[in-house]
Amino acid sequence: MAPPRAHLPSTSLPRAVRAALLVTGAALLAGRTRRALRRRVAASPLWPLPALDEPVSGRPRPRTLRLRVARHERIAEGVVRLRLEGTDLPAWEPGAHLDLVLPSGLVRQYSLCGDPADTSSYTVATRRIGAEAGGRGGSREVHDVLRPGHEVEVRGPRNRFPLAAGAPAYVFVAGGIGITPVLPMVRAVEARGGAWRLLYCGRARASMPFLDELEELGGERVTVVAEDEDGRPDVAGFLADAAGGGAAVYVCGPEGLMDAVATALPASCSLHLERFAPRAAAGAGDHAFEVELRRSGRTVAVGPDTTVLAAVRAALPGTAYSCEQGFCGTCQQRVLEGEIEHRDELLTDAERSDTMLMCVSRARGERIVLDL
């Protein structure tokens, strides 16, 4: 399309004026083009791509990295540590985790336990969990399949368990492999001269990773309870002795340990939790409800013994999902109507106002409407 032309004979205008008119006309055309393009994109955000047969909303996947397994070493009974190398890796802070995409396609979340200042590698550790203990295969794949030289895809880092700054004191409670997010926290607090205490619990000393490092770092500030030698930990007694006014209490470990800390927490302390697994996605006491998929014009039934994700995928097989445990965020969807019963450990308070993770969360009432 030619730019607008002035309604005066071009010969009657000086050369400078004609040039100015041409520039002005081109600018007007560019402005109209931009406005038309904005209108076109607003009408179809995927333009110029073809429209989807089945609309899908939700959280975009975080950026991915391809890292090389540089080290795979056994550091405790049933525990291996992976060093994943790359270049100019994104920064992270204590409490952060990675999504590790395994060769089989399984996605598992592992806390970073290395040095945040190291931009050339990430370090994670995982305990092998057999099928008889409820393992779903991810940890066994890390132990048995990944080897130095393999390339793996990772997503993140992300931090839903950040270390609060400025607390007068820190109290850490870790159970077993729950030590992995706590270890960088202890190092960070120690490096800045903060006051801290740690209760580290496990089945046996041989199964507790990083034990020697922590005892050397903390001395008497580290209380180790190996159940085969000492029995169950006295959580209430430890908190009474260690938690001063305003202490930040961080706990990661089995559900029973976290419940014990929450029950015994001094009133003046703040509690910060990271769970091994989300609350049950479906089980005894859950009720049936309907999910309307507004953009698709469908309604699906969710039984008491199934998940929203399973019901939605039966109708829309292309719906994205990954971990099915409420950690990765792939199945996050916008909720248009209905009250949500959140059972994840991922979403922020702001996100909980109008989105849900379909793999674990449910409707409180009889109906919920998704932007799908």
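Of the possible donor and acceptor atoms, one in the side chain of Arg140 sits under 3.5 Å from a partner among the backbone N and O of Ile129. Not one N or O on the side chain of His97 forms a donor-acceptor pair closer than 3.5 Å with the backbone of Pro181. Remark: side-chain polar atoms of Ser296 are not paired, donor with acceptor, to backbone N or O of Leu293 under 3.5 angstrom. Checking side-chain atoms of Arg83 against main-chain N and O of Arg68 turns up no donor-acceptor pair under 3.5 Å. In this structure, Thr306 contributes its side chain and Gly303 its backbone to no donor-acceptor pair below 3.5 Å. Looking at Tyr170, its side chain never comes within 3.5 Å of a backbone N or O of Tyr250 through a donor-acceptor pair. Here the side chain of Thr307 pairs no donor or acceptor atom with the backbone of Val360 at under 3.5 angstrom.
A donor-acceptor contact closer than 3.5 angstrom is absent between the side chains of Asn159 and Glu93. A side-chain N or O of Ser104 and one of Glu141 form a donor-acceptor pair less than 3.5 Å apart. Between the side chains of Thr319 and Arg313, no donor-acceptor pair is found at a separation under 3.5 Å.
Put simply, Val222 and Met185 are part of the same group of oily side chains (I, L, V, M, F, W, Y) that touch within less than 4.5 Å, one to the next. No path of Ile, Leu, Val, Met, Phe, Trp and Tyr side chains, each step under 4.5 Å between heavy atoms, connects Leu336 with Ile340, placing them in separate hydrophobic clusters.
Between Glu292 and Arg367 there is a salt bridge, with a side-chain nitrogen of the basic residue lying less than 4.0 Å from a carboxylate oxygen of the acidic one. The residues Arg128 and Asp144 are annotated as salt-bridged, a charged nitrogen and a carboxylate oxygen being separated by less than 4.0 angstrom. Under the 4.0 Å criterion applied to side-chain N and carboxylate O atoms, Glu190 and Arg221 are assigned as salt-bridge partners. In summary, Glu351 and Arg160 engage in a salt bridge, as defined by a charged side-chain N under 4.0 Å from a carboxylate O. Salt bridge Asp371/Arg295: present, at least one basic N to carboxylate O contact under 4.0 Å. By the 4.0 Å N-to-carboxylate-O rule, Arg81 lies close enough to Glu73 to be salt-bridged with it. Using a cut-off of 4.0 Å between Lys/Arg side-chain N and Asp/Glu carboxylate O, Glu341 and Arg362 are scored as not salt-bridged. With respect to the salt-bridge test (charged N to carboxylate O, under 4.0 angstrom), the residues Glu215 and Arg205 qualify. Salt-bridge check for Arg197 with Asp241: failed, with every basic side-chain N at 4.0 Å or more from each acidic carboxylate O. Residues Arg203 and Glu77 are not paired through a salt bridge, judged by the lack of any N-O separation under 4.0 Å between the basic side chain and the carboxylate.
Within 6.0 Å of atom CD in Glu85, more than 12 heavy atoms from other residues, nucleotides or ligands are found, so the atom counts as buried in its surroundings.
Two residues are said to be in side-chain contact when any heavy atoms from C-beta on lie closer than 4.5 Å; Thr126 and His143 meet this criterion. Considering only heavy atoms from C-beta on, Ile368 comes within 4.5 Å of Met356 through its side chain. Residues Pro304 and His287 are not in side-chain contact: their nearest non-hydrogen atoms beyond the backbone lie 4.5 Å or more apart. Taking the side chain as every heavy atom from C-beta outward, Val291 and Phe289 approach each other to under 4.5 Å. Proximity of Ile179 to Leu214: side-chain heavy atoms (C-beta onward) are separated by under 4.5 Å at one or more points.
The aromatic ring centroids of Phe210 and Tyr200 lie 6.0 Å or more from each other.
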- Task: Start with the C-alpha gap between Thr355 and Val335, add the side-chain angles, then the distance that decides, and say whether side chain to side chain contact (heavy atoms under 4.5 Å, CB included) holds.
- Result: CA-CA 5 Å; Thr355 66; Val335 178; 5.6 Å; no
- Passes side-chain hydrogen bond (donor to acceptor under 3.5 Å, both in side chains), Arg155 versus Thr64? Steps please. CA-CA 5 Å; Arg155 303 170 188 161; Thr64 61; over 6 Å; no
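The two residues Pro233 and Leu199 have their closest heavy-atom pair at CB-CD2, 4.4 Å. Here the closest heavy-atom approach between residue Cys269 and residue Gly244 is recorded as SG-O, 3.5 Å. Between Pro184 and Cys113 the shortest heavy-atom distance is CG-CA, 3.7 Å.
Grouped with Leu98 in one hydrophobic cluster are Leu65, Leu67, Val69, Val80, Leu82, Leu84, Leu89, Trp92, Leu100, Leu102, Leu106, Tyr110, Leu112, Tyr122, Val124, Val142, Leu146, Val152, Val154, the linkage being side-chain heavy-atom contacts under 4.5 Å among Ile, Leu, Val, Met, Phe, Trp and Tyr residues.
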